Protein chains: 2
Amino acid sequence: MVVYAGQGDPRRSIELLWRASVAEQRPGPKPGLSVDSIVDAGIAVADEQGMAFSMRAVGERLGRTAMALYTYVPGKNELIDLMYDRAMAELPTSYPVADGWRPAVTRWAEDMWEFYGRHPWVLQVSQARPVLGPHEFAVVESLAAILVTTGLPGRRLRGIVGAVNHFVRGAAQSVAEARAAGSATGEGDEEWWYARSAVLMEVEPELAEKFPVLHLLESDRDPVDPELPYLENDAVENFRSGLEVLLDGIEGAVAKP
Amino acid sequence: MVVYAGQGDPRRSIELLWRASVAEQRPGPKPGLSVDSIVDAGIAVADEQGMAFSMRAVGERLGRTAMALYTYVPGKNELIDLMYDRAMAELPTSYPVADGWRPAVTRWAEDMWEFYGRHPWVLQVSQARPVLGPHEFAVVESLAAILVTTGLPGRRLRGIVGAVNHFVRGAAQSVAEARAAGSATGEGDEEWWYARSAVLMEVEPELAEKFPVLHLLESDRDPVDPELPYLENDAVENFRSGLEVLLDGIEGAVAKP
DNA sequence: CGAGGTTACTTTACGCTGTAAGGAGTCGCA
DNA sequence: TGCGACTCCTTACAGCGTAAAGTAACCTCG
């Protein structure tokens with residue numbers, strides 16, 4: 001098995017996510033850990049091993065057993081929720097709109113793109129889930145705060161915020177997963193893609209005839225930037241180009257009614 | 001644990017997905033099963049129990065043990081790949097463009113939306129993965145075939161196809177997961193959302209002040225369609241509205257260079 | 001027709017997972 | 001000083017995917 005995605009008990013998760021955590025004097029041994037240290041350890045493990053991390057691995061990194069974590073955190077799903085939100089603390093909470101909303105949204109999207117690249121496991125967390133934690137809130141708020149300057153009504157803006165969010169996430173996923181598949185087999189991007197299409201051609205030689213339009217799209221390529229790995233070229237190009245279209249659409253909505 | 005996503009060995013998956021499967025005479029007992037019957041059983045189980053289905057459950061549905069499946073299928077990940085592609089066989093392979101590309105893309109998006117609603121587990125399958133199977137190919141081809149009539153160059157179209165795909169999938173995910181969370185606790189949509197925001201308000205009473213723009217967006221609601229459940233209203237509205245913006249963007253790209 | 005090899009399927013078993021249950025040791029407060 | 005709360009550990013369990021080995025069915029060839 002490969003991958004998990006957590007959705008913990010929302011009540012427990014929300015309480016932990018927004019906790020004011022007053023450090024009162026209490027009986028018993030001093031806590032050697034804290035929710036924060038566990039969440040950090042969890043993020044570190046997930047960054048290394050992907051989403052298939054185990055509670056035992058997180059405990060080990062802290063010099064404890066897996067069960068020790070359950071003193072602080074109700075379960076793995078809730079821990080994932082906490083990790084998810086805490087990772088988002090890395091992201092800016094506001095963007096300047098002096099130059100207008102368009103460059104600001106572009107910056108937002110690029111920041112998200114890079115963020116997903118740093119923490120690909122985030123993309124496996126049960127996505128598009130209702131916003132739960134403060135940092136996830138802040139990230140969406142930062143996008144909404146840019147777009148509200150367009151003067152569009154709230155109804156319209158909700159759809160747009162969602163669309164931008166979905167698009168960036170989806171685009172980031174394309175890269176992250178292809179990259180993961182490549183590195184799992186120890187191949188570079190290029191070899192991996194080549195091997196894949198080789199198998200495909202072998203098994204279905206008439207691929208180009210059966211899916212002529214896709215073949216057409218595939219063959220109209222940009223000149224390649226030698227700085228970037230093979231895969232990135234493709235993905236970045238599609239990301240940029242898709243984002244432009246989306247932004248054009250928003251511009252259209254701003255211009256007319 | 002909740003959810004899994006499979007990415008099988010691409011070589012094996014591709015061979016199974018595109019198999020010409022010649023039924024030759026061979027020694028040994030007659031096969032009581034087939035790859036197809038296993039894939040169908042897998043889809044049925046996943047439709048009922050979600051992605052957390054087990055090989056034992058699939059075997060049981062066919063009156064076999066889990067291990068019997070391994071005669072036909074290399075492993076669970078590959079089975080998931082097969083299920084994923086087979087489910088997509090439900091979708092149309094082409095859309096009329098007599099009225100132009102815009103209504104056709106809308107139809108495509110709505111069909112996808114409904115498809116994801118019928119098979120929510122599909123959304124958990126490692127997404128935005130490189131296209132592997134014939135039906136997944138056909139689905140993307142059907143979208144590309146509509147959009148190619150815009151006359152836009154291939155480079156541009158690839159970004160657009162990706163954007164539409166990501167958007168529809170992301171939007172569908174919002175509903176599917178919220179719905180799943182609601183039904184897991186046995187609550188209706190409305191109660192679930194209400195309970196969630198109640199906890200949030202209890203823990204962070206100043207939510208509206210801390211995230212003023214989101215509060216603004218949230219409060220500008222459309223009149224509710226009493227035909228639909230609470231959640232659906234919201235999601236469908238956002239889906240429609242986001243799609244419109246995206247389509248406007250494409251229209252802009254068609255109009256100017 | 002009978003032997004041999006191939007195949008379908010079962011049984012058993014292993015290592016892994018998340019986590020429930022109970023016990024050991026540590027500390028604040030009465 | 002002891003009680004009760006608390007942290008952390010050990011043990012244990014049910015479930016998972018699947019490797020390995022065994023059994024029975026069947027075709028092909030002598």
Side-chain angles (χ1 to χ4, degrees), chain A residues 1-9 12-13 21-38 41-42 45-46 49-83 124 126, chain B residues 1-9 12-13 21-38 41-42 45-46 49-83 124 126:
Chain A
M1 274 291 66
V2 194
V3 153
Y4 315 84
Q7 186 102 309
D9 172 14
R12 300 297 310 269
S13 288
S21 105
V22 272
E24 11 155 9
Q25 259 325 41
R26 284 183 307 146
K30 293 264 157 61
L33 301 177
S34 65
V35 175
D36 285 329
S37 66
I38 291 175
V45 173
Q49 322 191 337
M51 197 54 157
F53 74 96
S54 70
M55 294 297 270
R56 283 169 175 85
V58 177
E60 206 159 326
R61 172 171 281 255
L62 295 164
R64 302 290 138 90
T65 64
M67 288 313 291
L69 310 180
Y70 285 84
T71 311
Y72 302 87
V73 158
K76 191 187 184 184
N77 287 332
E78 287 80 4
L79 173 57
I80 292 177
D81 280 344
L82 292 174
M83 287 164 54
Q124 323 259 45
S126 193
Chain B
M1 273 290 68
V2 193
V3 155
Y4 315 83
Q7 185 99 312
D9 173 14
R12 300 297 310 269
S13 288
S21 107
V22 271
E24 8 155 11
Q25 262 318 47
R26 285 183 308 148
K30 292 263 158 59
L33 302 176
S34 66
V35 175
D36 286 329
S37 66
I38 291 174
V45 173
Q49 322 191 341
M51 198 55 156
F53 74 96
S54 71
M55 294 297 271
R56 284 169 173 87
V58 177
E60 206 159 326
R61 173 171 282 254
L62 294 164
R64 302 292 137 91
T65 65
M67 289 310 292
L69 311 180
Y70 286 83
T71 311
Y72 302 88
V73 156
K76 190 187 184 183
N77 287 332
E78 287 79 5
L79 173 57
I80 292 177
D81 280 343
L82 293 173
M83 286 163 54
Q124 323 259 44
S126 192

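In what follows, chains carry the letters A, B, and so on, assigned in the order in which the sequence lines appear, proteins first and then strands, with residues in each chain numbered from 1. Small disclaimer: the values here were computed from a predicted structure and weren't measured.
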(request) Figure out the OH/P separation between A:Tyr70 and C:dG22, and round it to whole Å. (result) 18 Å
(message) Is B:Thr65 close enough to C:dT10 that one of its side-chain N or O atoms is under 4.0 Å from OP1 or OP2 there?
(response) yes
(message) Measure CG/A:Leu79 against P/C:dT17 and give the value in whole Å, please.
(response) 15 Å
(request) Could you check if a side-chain atom of B:Ile38 sits within less than 4.5 angstrom of a side-chain atom of B:Leu82, using non-hydrogen atoms only? (result) no
(request) Quickly work out the B:Leu69 CG to D:dC16 C1' distance and round it to whole Å. (result) 14 Å
(request) Consider the side chain of B:Leu33, meaning its heavy atoms from C-beta on, and name the nucleotide among C:dC9, C:dG18, D:dC8 that approaches it most closely. (result) C:dC9
(request) Describe the nucleic acid contact of B:Ala68 in one word from base, sugar-phosphate, nothing, applying a heavy-atom distance below 4.0 Å. (result) base
(message) Do B:Tyr72 and B:Ser37 make a side-chain contact, defined as non-hydrogen atoms from C-beta onward lying under 4.5 Å apart?
(response) no
(request) Answer whether the closest heavy-atom distance between the side chains of A:Val58 and A:Lys76 falls below 4.5 Å. (result) no
(message) From CD1 of B:Ile80 over to P of D:dC16, roughly how many Å is that when rounded to an integer?
(response) 14 Å
(request) Would you mind listing every side-chain hydrogen bond (donor to acceptor under 3.5 Å, both in side chains) that reaches into residues 60-70 of chain A, with sequence neighbours excluded? (result) A:Glu48-A:Arg61
(message) Within the 4.5 Å heavy-atom criterion, are B:Ile80 and B:Phe53 side-chain neighbours or not?
(response) yes
(request) Taking only the side-chain heavy atoms of B:Tyr72 (C-beta and beyond), determine which of C:dA8, D:dC8, D:dG17 contains the nearest atom. (result) C:dA8
What are the atom names and distances for every N/O pair under 3.5 Å that joins the protein to nucleotides 20-30 of chain D?
unit_1 : atom_1 : unit_2  : atom_2 : d
D:dC26 : O2     : B:Gly28 : N      : 3.2

(message) Short of 4.0 Å, heavy atom to strand atom, which residues of residues 54-64 of chain B count as contacting DNA chain D?
(response) B:Ser54, B:Met55, B:Arg56
